[in-house]
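First the structure, in the form of structure tokens, and then the observations on it.
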2 protein chains.
Amino acid sequence: MRCDVVAIGTELLLGQIVDTNSSWIGEHLAASGIDSLLQVKVGDNLGRMERVLRDVLADADAVIVCGGLGPTHDDLTREAIAAVMGVELVHDESVAQVIRDLFASRNRPMADNNLRQALVPVGAELIRQTRGTAPGLICPVVVDGVDKVIYAVPGVPHEMKDMLERAVLPDLRRRNGDPSVIVSRTLRTWGESESGLNERLDPVIDDLEAAGTPTLAFLASGWEGIKVRLTAKAPTAAEAAALLEPVEARIRGILGDQVFGVDDDTMESVVLDLLRRRGWSLGLAESVTGGLVAGRITNVPGASQVFVGSVVSYASEVKFDVLGVDRGPVVSEQAAEQMAVGARRVLHADVALSLTGVAGPTEQDGMPVGTLCVGIALADGRTVTRTLRMPGLRDQMRQMSVISSLDLLRRELLALD
Amino acid sequence: MRCDVVAIGTELLLGQIVDTNSSWIGEHLAASGIDSLLQVKVGDNLGRMERVLRDVLADADAVIVCGGLGPTHDDLTREAIAAVMGVELVHDESVAQVIRDLFASRNRPMADNNLRQALVPVGAELIRQTRGTAPGLICPVVVDGVDKVIYAVPGVPHEMKDMLERAVLPDLRRRNGDPSVIVSRTLRTWGESESGLNERLDPVIDDLEAAGTPTLAFLASGWEGIKVRLTAKAPTAAEAAALLEPVEARIRGILGDQVFGVDDDTMESVVLDLLRRRGWSLGLAESVTGGLVAGRITNVPGASQVFVGSVVSYASEVKFDVLGVDRGPVVSEQAAEQMAVGARRVLHADVALSLTGVAGPTEQDGMPVGTLCVGIALADGRTVTRTLRMPGLRDQMRQMSVISSLDLLRRELLALD
């Protein structure tokens, strides 16, 4: 089965927003065993949107339209789909009520044009809106006597992802007839390049290609490390899982503790789990990352059971006054150690992690841009420090510092086992 | 003149790489006064590549093909273009020599398949390779008796950008009789829904649609507020800017201080500028956002001139011990006020901003999920507190809290003028 993707929005063509939605959709279609052979960006122009939909549907069995479902005059996806279906748009009171309730719950006045989002092509099935104001649509359409389908989802990524997982992908798999189940297992790795992993996993890849299943794919996710995704297809989920198990074991045997987690694990969730298991609390002292580590950790539900807080000591004075770092150079392993010890004391934490470094644009304390000094103060009072060299650009340096420092803490905690 | 973009690569469709090239190209085409109305991703399949090129060239005057120029068997862009041109591929010894020299200069053996990159469609003009091994191509093609052009550039971003700026954009501007320039101006707004803005700007939109230029578009950028983008086309940049000026002034007159910045401004950069102008330092006390505000602020280069630090007081004990908040409910305006006052004292900051609230999953201190209490301690010792209701989901609630609280601080600072 083939499902192509159309991303709507003049801002995409002008490069003001990068279309990451169709990439995410393509990845998840592939994991569901559905081909996506063409992905198109088109502007907020009714005629061109209609033309693109007709062109794509000439070859594809289905198309996912992303964006253009908002309330304003340049949100034209509903109109374009109705034109391709050859039907009218009708007001759906149930949708309208959800929109009114949403505004009411936020104590915000609702502009009337929001009700444009309650317009539904005759014959379309609704994907209820749970996060935004616009519902998604499942629109049956006949092309040259063949039954095909147009899915419409909002362009806001978290609304799009929710509707894809909740409604679009299951519906596609149903239509795909293929009763087999696809099960994926993603190993999260840190500390090795994609080509390095590829080389070390070469024998595994050869065997899998010979066998045909499971399939193995590398997904470079930048600041999140490299994902190794295994995908197996079988009559039942249990059988698919049974196919994955030995391959995962073999890969773990090769990569060792470079595999930090699976599937939805993140470096921060893994570190929190390791601490929770020992009943230890975590405190932070951040300089160069200025709160990014704390922000990532507190995005994990239940973080409050482990994480007590952070002293973001961006100014040197705060390092000296609040954390008790000795006056002098603040980008050094000694400063990092004192920051960690200070954070552990001030925040009454069992374990503390500290980061100090140079994000640039210029060097500091004679240390080049990209220098990261990490300090760890453990529950038994021991301290560990390390100096790492991060890639140069400011934002990249800071983001890499977050996961790199958490990985150091992870390895220290594992070493205690 | 219309120039569409085709990005080549199965990895793009599978979401293993996000296509940022066509966004960059679209942005630079617009700046050159050239429309780009369709941007397509297609896999490494000769038949489909050829089909897409023919389809795009049916409407567009030119097309830029990005990727598929490498040495391997699945690099098929040269073949697809030759097929559309209806010509042969011939070996170009001058290109071959450059490739041989490149490998020699890197002391690396050259695999023979690298010479595939010396194949050139008859009649094509070369864009010399200065960074990689593959040259770019300028390929004249006649479609239905009309002269059109296909540009081929590598998918490696820095090679692509070099060839675009050095050869493709100048060539397009030459071919484009109309030398007009497109200038955009983006007003950053906060505090009103897209539909609300649309309604308030209705008369402006009507006038612009009647006049044809400048054009106005809303870009919902989620947690960043709504962008109002004005775009004008004129013979010179100065004339285009002159077209934008009165419209921007009129919109600012209607929206007032809901416009917090323009173009690359962010809420955090604007707040930092307001503080810098008064020579005031900023400290934070974050609970519910757990470091996100500090992380955003410290991502602004030069933040260190204003921002001293933050006490991320996630655990109540840290609020009591470090910030001196009275024991008791910690999601209240009183707690927020004491957090701000405490942060101002502990961090020796002139101004402090505090956030405490409920991100969920469950209510806290009898306050529902989505509750945000903000505290501001100003340089003169005055304090301001506010309670806001944020949208429900954890991550969304936290991100909205970041910009909402910074906007409150912005308005307090503006009120001092």
Side-chain angles (χ1 to χ4, degrees), chain A residues 10-11 13-20 23-24 26-27 30 36-43 48 55 70-74 106-108 111 113-114 131 156 217 219 290-292 294-295 297-299 301 304 307-315 317-318 321-322 346-348 361 394-395 398, chain B residues 13-16 18-20 22-24 26-27 30 36-43 48 55 193-196 198-199 205 217-220 222 229 290-292 294-295 297-299 301 304 307-315 317-318 321-322 346-348 361 389 391 393-396 398:
Chain A
T10 302
E11 68 275 15
L13 295 172
L14 291 173
Q16 290 167 339
I17 297 179
V18 172
D19 168 33
T20 54
S23 306
W24 189 94
E27 181 188 338
S36 187
L37 302 184
L38 210 62
Q39 296 179 354
V40 184
K41 287 184 274 180
V42 63
R48 273 191 294 275
D55 288 351
T72 71
H73 68 288
D74 56 3
R106 297 179 186 174
N107 304 313
R108 282 165 58 191
N113 60 0
N114 279 285
R131 294 161 169 239
V156 180
L219 309 179
L292 293 179
I297 283 176
T298 54
N299 206 34
S304 58
F307 178 70
V308 291
S310 175
V311 176
V312 179
S313 52
Y314 209 58
E317 286 303 316
V318 176
D321 296 352
V322 180
V346 171
L347 300 169
H348 304 297
R394 183 181 178 83
D395 190 36
R398 283 157 42 88
Chain B
L13 295 172
L14 292 174
Q16 290 165 346
V18 172
D19 167 34
T20 54
S22 61
S23 306
W24 189 93
E27 184 185 339
S36 187
L37 303 185
L38 209 62
Q39 296 178 355
V40 184
K41 286 183 276 180
V42 63
R48 273 191 294 276
D55 287 351
S193 69
E194 180 172 352
S195 53
N198 193 58
E199 212 154 84
I205 293 165
F218 296 101
L219 312 180
R229 191 189 69 232
L292 292 179
I297 284 176
T298 54
N299 207 33
S304 58
F307 179 69
V308 292
S310 175
V311 176
V312 179
S313 51
Y314 209 57
E317 287 303 316
V318 176
D321 296 352
V322 181
V346 171
L347 300 168
H348 303 299
R389 177 64 34 80
L393 288 165
R394 183 180 179 83
D395 189 36
Q396 192 182 14
R398 282 157 42 87

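Chain A is the first sequence line, chain B the second, and so forth, proteins listed ahead of strands; every chain is numbered from 1.
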Looking at [options], which has the largest count of heavy-atom pairs under 4.5 Å with chain A?
{"options": "Gly26(B), Gly290(B), Gly309(B)", "value": "Gly290(B)"}
{"options": "Ala315(B), Gly15(B), Ser195(B)", "value": "Ser195(B)"}
{"options": "Leu14(B), Leu37(B), Val42(B), Asp395(B)", "value": "Leu37(B)"}
{"options": "Leu38(B), Asn299(B), Val346(B), Val318(B)", "value": "Asn299(B)"}

Hey, are the side chains of [X] and [Y] touching, using non-hydrogen atoms and a 4.5 Å cut-off?
{"X": "Gln16(A)", "Y": "Ser23(B)", "value": "no"}
{"X": "Gln39(A)", "Y": "Val40(B)", "value": "no"}
{"X": "Val312(B)", "Y": "Val311(A)", "value": "no"}
{"X": "Thr298(B)", "Y": "Tyr314(A)", "value": "yes"}

So for [X], is it side chain, backbone, both, or neither that comes closer than 4.5 Å to the heavy atoms of chain A?
{"X": "Ser193(B)", "answer": "both"}
{"X": "Val322(B)", "answer": "side chain"}
{"X": "Ile205(B)", "answer": "side chain"}
{"X": "Pro301(B)", "answer": "both"}

Q: Please step through side chain to side chain contact (heavy atoms under 4.5 Å, CB included) for the pair Asn198(B) and Asn113(A), ending with a clear verdict.
A: CA-CA 9 Å; Asn198(B) 193 58; Asn113(A) 60 0; 3.3 Å; yes
Q.
Only pairs of heavy atoms separated by less than 4.5 Å count here; which of Arg48(A), Arg398(A), Glu11(A), Glu317(A) has the most with chain B?
A.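 Of Arg48(A), Arg398(A), Glu11(A), Glu317(A), Arg398(A) has the most heavy-atom pairs under 4.5 Å with chain B.
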Under a 4.5 Å heavy-atom cut-off, does chain B meet the side chain of [X], its backbone, both or neither?
{"X": "Asp321(A)", "answer": "side chain"}
{"X": "Asp74(A)", "answer": "side chain"}
{"X": "Ser304(A)", "answer": "both"}
{"X": "His348(A)", "answer": "side chain"}

